Amino acid sequence: MKRAFRGDSGDVNVEVAIGVSALIILFGLALIGMRVITAESAVDEAARSAARSASIARDGEAAAAAAETRAQAVIAQQGLNCDNLHIAVDARDFAKPLGETGYVIATVTCEVTFRDLMIPGSRLAVSEFRSPIDRYGARR
């Protein structure tokens, strides 16, 4: 038969406090993981869409403008709040002569923070996508 000591009732409170703290930490880590996966997916889609939009433009300047507009639209559609959003477009292959294969490369970088989850820190999501330019399309 087990004898109860006077000090045993406090042990349950400590165990509950430790258990609840561990569950809160695990829940926070799960939220961060979901946020990172969602952000990386949105940045991937923004880079893909930006490169595709740029590849159908007529020249490098129009390509860069189209890519930036499209990437920002995709990020907004996905509801992603980037602290630092950077969109870089390499459209120098528009200078190649007709018949030569060229590519547009779009790189999207987004710093995702977890402030709205009341968790300090951030994560950098970067994606790059390359889309071919029409070999015989109109280029300037």
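None of these values were measured; they are calculated from a predicted model.
Note that CD1 of Ile32 and CZ of Arg35 are 9.5 Å apart. Values are rounded to the nearest 0.5 Å. Distance check: Leu85 CG to Cys110 SG gives 6.0 Å after rounding to the nearest 0.5 Å. Note that the OG1 atom of Thr107 and the CZ atom of Phe129 stand 12.0 Å from one another [nearest 0.5 Å]. Put simply, CD1 on Ile18 and CG on Leu23 are 12.5 Å apart, with the number rounded to the nearest 0.5 Å. The distance from the CZ atom of Arg48 to the OG atom of Ser53 is 13.0 Å, given to the nearest 0.5 Å.
Members clustered with Leu124: Val126, by chain and number, using a 4.5 Å side-chain heavy-atom cutoff among hydrophobic residues.
Distance alone, capped at 3.5 Å, is enough to place a donor-acceptor pair between the Ser55 side chain and the Arg52 backbone. Checked by atom type and distance alone, the side chain of Thr38 pairs as donor or acceptor with a backbone atom of Met34 at under 3.5 Å. In this structure, Asp93 contributes its side chain and Gly102 its backbone to no donor-acceptor pair below 3.5 Å. Formation of a donor-acceptor pair under 3.5 Å by the Ser49 side chain with backbone atoms of Glu45 is not found in this model.
More than 12 heavy atoms of other residues, nucleotides or ligands sit less than 6.0 Å from atom CD of Gln77. Heavy atoms from other residues, nucleotides or ligands lying under 6.0 Å from CG of Asn81 number 12 at most.
Judged by distance alone, the side chains of Ser122 and Thr113 never bring a donor and an acceptor atom under 3.5 Å apart.
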(request) Using the side-chain contact (heavy atoms from CB on, under 4.5 Å) rule, take His86 and Val108 through it: C-alpha gap first, then chi angles, then the decisive distance, then the call. (result) CA-CA 6 Å; His86 181 68; Val108 178; over 6 Å; no

